[in-house]
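In what follows, every chain begins at residue 1, and chains take the letters A, B, ... in the order their sequences are listed. Because the structure is predicted, anything quoted here is derived from the model rather than measured. Basis for what follows: all heavy atoms, side chains included, without hydrogens, waters or symmetry-related copies.
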Amino acid sequence: MSIRLYDSLTRSLCELRPAQPDGIFRFYNCGPTVYAPAHIGNFRTFVVNDIIRRLLELEFGANKVKHVRNLTDVDDKTIKRARDEQRPLADVTQQWTAKFHADCASLNCLPPHVEPTATGHIPEQVDMIAVLMKKGYAYRAADGSVYFKVNSFEAYGALSRVKERELQTGSALKATAADADEKEDVSDFALWKAHKPEDGANAWDSPWGRGRPGWHIECSAMSKKHLGETIDLHTGGVDLLFPHHENEIAQSQCCNGTPFAHHWYHSEHLLVDGKKMSKSLGNLYTLDELVAKGFSPMALRYALLTGHPRKQLSFSLDSLHAAESALKTLRTYRAALDGRSRAEATTIFAPIFTALADDLNIPGAFGALFTIVHRGPAGVDLAAFDRVLFALGFQLDALDLPPVEAPTAIVALAAKRWAAKQAKDFAGADALRQELTAAGWNMKDAKDGYSLEPLKQ
RNA sequence: GGCGCGGUAGCCAAGUGGUAAGGCCGAGCUCUGCAAAAGCUCUAUCGGCGGUUCGAUUCCGCCCCGCGCCUCCA
C-alpha cells in the first residue's frame, strides 16, 4: 500500500515517502497554544493527524516514523492569560499542557515522539534570526523588533498564492496590524518582538535586545532541530496555511538555503451550526463539556472522523449519538470474533486500508468497514480486525463510561418497580418505568436483577 | 476585492461518465410481560438552468446559496 495524500503546495495528490536515506519519515504537526482547554475543532486536526501517524507506522514501521508536534507556550494569548490570572507564564502553560495531554490520551491519540516548546528553544530561534539578519532577509525596526522582509524572498506566496491576491487599500491586514507603522511593508512579519511592559517577566536576551520570539519562527527552529532542515510532511489546520506556514517556509528556506518540507497537508475546520467554532459565536465545545453530557471521548473521536479531513465537517450532539451507536456495533462485532487465527482471511479488510491510503478517505473507510461488519463475524481473523482498529485508533473497551451513581430517590423507584414486576403487577411496573424515564433514567431488566443508567441529553 | 472549499435521503456523509457506500434517526419485523440489548428489512436520482455525450449526480458554462482564509484561530 502506498499512501497518497493531497499536497497543499502543489495542489495534487502525492505519495508519502521518506526522503532521507535512513528511511525515517519526518513528520511535523503544528501543535496547540497552551493557554486554555483545546476545543473539539482543534481536536479534529489532532485526531486526523493521529490517523496519519498510524498509517505512517503501518506503512514504514513504527520505528521508521519520527513525529514532532510543538507546544506554543509563549505568545500574546498565553501571556495575557498569565497576566490576567497573576500567575507565572510557565504555571499557566504547564497547566494547559497537562490538560491537553489528558484530552489527547482519552481520544487515544498516540503521543508524538518529540513535543518541543517555544520557550525551550529560544537559542535555536535566535540563531535562525541572526542568520536571516546576516543574509539580509530581516531587519531591526525602530521599535527594536526584528521583521522578516517578505519581498526579499522570491518564492513567498507559493503555498497560499498570496501574490495572486491584491493587498488593496482597506484590507484587514493594513487596517489592523498593530505594528504596521514599524514595518517597512505591511506584509513583513515579526521574528523577534521587542519587550513591552505588558509582557512582564516574559522576555529573553537577544542580540537585538530583550524580547520574545515571533510566533512563526518557533516551528522553523524546532523542526530544524528535531527533524533536520528538510522534513517529509508538515501539517496543520487550514487556518495555518496563511500566514503561519507561508512564513515558516520563508524563514526556513532563507536561513537554511534548503527546501523546508516536501509535503504540506491541511485539514479543514469543524463546523457548528454551519459556522467555524469560535468564542464570539458561542458555538465552542470542549471535551469535558461533552463528557459531562454523558458522551465518551471515543465517540467524539469517531464523530470527528466521519467527514473527509479536507472538507468542513458539521458537528452536533446528534453526531455523538450516532457515533456511540456505531461504535457499539463495532464492539459487538469484535466480541463475536472467536480469536481463531485465519491467515487466509486477513485481506477482507483491505478496502478499508485502501480508502485510508487514498488521501485519507476516512468516511469511505467507515463505509467499507460497516459493509464488512454486516456480513457477520464468521471466519474473520481477530488480529486483522484489530489492525483496523489500530489504524482508526478506536479503543472499544474505552467505550463504557464509569457507572453513574443514581440518586436515592431513583434507586427507591427502581426497587419499587422491581417489586411490582416480581408481583406480576405489570401495569404498576410500567407506570414506575415512566416515572423513571421522566426523571432521566432507564432501568434495564435482566433475568435476576436490574441496573440503572442515565438517559443521555 | 483576492485565494480556496462546498451544496447528495429527516440529520451526518462517501462516491462514480452507465441508473447512488456507510452511520444515525424513523418505520416495520424477530426476540422479549414492558423497556433495554441483539438481529433483519425499508426509506434519495445527487442546488437551479443550459451544453458536451448513446448516456452526467459525476465533464464544461452560467446562476443561486453556504463556509473558510486574507487579523499570532486547528
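- Looking at the side chain of A/K77, the nearest of the listed nucleotides B/rA36, B/rC73, B/rA74 is B/rC73.
- Contacts of A/L313 with the nucleic acid, taken as non-hydrogen atoms under 4.0 Å apart, involve only primed sugar atoms and P, OP1 or OP2.
- B/rU8 and B/rU19 are spaced 15 Å apart, taking the C1' atom of each and rounding to whole Å.
- Nucleotides B/rC25 and B/rC11 have their C1' atoms positioned 7 Å apart, rounded to a whole Å.
- For A/H113 and A/H226, the distance between ring centers is not under 6.0 angstrom.
- Using the six-membered ring where Trp is involved, A/F27 and A/H67 have ring planes that are parallel, under 30° apart on the 30 and 60° scheme.
- Heavy atoms of A/H39 sit under 4.0 angstrom from at least one base atom.
- A donor-acceptor contact under 3.5 Å is formed by the side chain of A/D430 with the base of B/rG33.
- Between B/rC67 and A/K311, no contact under 4.0 Å exists linking OP1 or OP2 to a side-chain N or O.
- The side chain of A/R11 lies closest to B/rC3, out of B/rG68, B/rG23, B/rC3.
- Contacts of A/G274 with the nucleic acid, taken as non-hydrogen atoms under 4.0 Å apart, involve only primed sugar atoms and P, OP1 or OP2.
- In this structure, a donor-acceptor pair under 3.5 Å is present between the side chains of A/T10 and A/D7.
- Pairing analysis of RNA chain B (Watson-Crick: purine N1 to pyrimidine N3 plus N6-O4 or O6-N4; G-U wobble: N1-O2 and O6-N3; both under 3.5 Å) yields stems of 3 or more pairs at B:1-7 with B:64-70, B:10-12 with B:22-24, B:26-30 with B:38-42, B:47-51 with B:59-63.
- Of the candidates B/rA35, B/rC12, B/rA74, the closest approach to any side-chain atom of A/S314 belongs to B/rC12.
- Contact annotation: the side chain of A/N29 never approaches that of A/I52 to less than 4.5 Å [non-hydrogen atoms, C-beta and beyond].
- At B/rA74, none of the side-chain N or O atoms of A/N49 fall inside 4.0 Å of OP1 or OP2 (strictly under the cut-off).
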Evaluate A/W96 against A/Y35 for ring-ring contact (aromatic ring centres under 6.0 Å, His included), listing each step before the verdict. CA-CA 6 Å; A/W96 294 113; A/Y35 73 109; 8.4 Å; no
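- On the C1' atoms, B/rA14 is 35 Å away from B/rU71, given to the nearest whole Å.
- Residue-level contact check: A/F370 touches the backbone only, with heavy atoms under 4.0 Å from sugar-phosphate atoms and none from bases.
- Map A/A427 and A/N361 each onto its nearest nucleotide of RNA chain B; the residue landing nearer the 5' end is A/N361.
- At least one side-chain heavy atom of A/L369 sits less than 4.5 Å from a side-chain heavy atom of A/L392.
- The salt bridge (charged side-chain N to carboxylate O under 4.0 Å, His left out) pairs that include a residue from residues 303-317 of chain A are A/R310-A/D359, where partners are two or more places apart or lie in different chains.
- Looking at heavy-atom distances under 4.0 Å, A/T371 makes contact with sugar-phosphate atoms alone, never a base.
- Taking the side chain of A/S325 as heavy atoms from C-beta on, and the options B/rC25, B/rA36, B/rU71, the nearest nucleotide is B/rC25.
- Here A/F349 and A/F385 bring their ring centres to under 6.0 angstrom of each other.
- A close approach under 4.0 Å does occur between a side-chain nitrogen or oxygen of A/T332 and OP1 or OP2 of B/rA38.
- Within 4.0 Å of A/S319, counting heavy atoms only, lies no atom of the nucleic acid at all.
- In the interface, the side chain of A/D445 is paired with the base of B/rC34 through a donor and an acceptor atom under 3.5 Å apart.
- The aromatic rings of A/F394 and A/Y302 lie parallel to each other, their planes meeting at an angle below 30°, with 60° marking the opposite boundary.
- Of the candidates A/H266, A/H263, A/H245, A/H234 forms a ring pair (Phe, Tyr, Trp, His ring centres under 6.0 Å) with just one, namely A/H245.
- The listed nucleotides are B/rC67, B/rG33, B/rA74; the one nearest the side chain of A/H269 is B/rA74.
- By the 30° and 60° cut-offs, the orientation of the rings of A/W264 relative to A/F260 is tilted.
- Of all the residues in residues 302-310 of chain A, A/T306, A/G307, A/H308 reach under 4.0 Å from RNA chain B with at least one non-hydrogen atom.
- The base of B/rC34 sits with one of its N or O atoms less than 3.5 Å from a complementary donor or acceptor on the side chain of A/R417.
- The base of B/rA74 does not come close enough to the side chain of A/R44 for any donor and acceptor atom to sit less than 3.5 Å apart.
- Across all strands shown, A/L240 has heavy atoms under 4.0 Å from sugar-phosphate atoms exclusively, and none from any base.
- Set against B/rA74, B/rG68, B/rC3, the side chain of A/K275 has B/rG68 as its closest nucleotide.
- Between A/K276 and B/rA74, a side-chain N or O to OP1/OP2 separation shorter than 4.0 Å is absent.
- Here the nucleotide nearest the side chain of A/N42, chosen from B/rC73, B/rC24, B/rG68, is B/rC73.
- A/E453 comes within 4.0 angstrom of nothing in the nucleic acid, heavy atoms only.
- No engagement by A/K424 is indicated, since no non-hydrogen atom pair under 4.0 Å with the nucleic acid exists.
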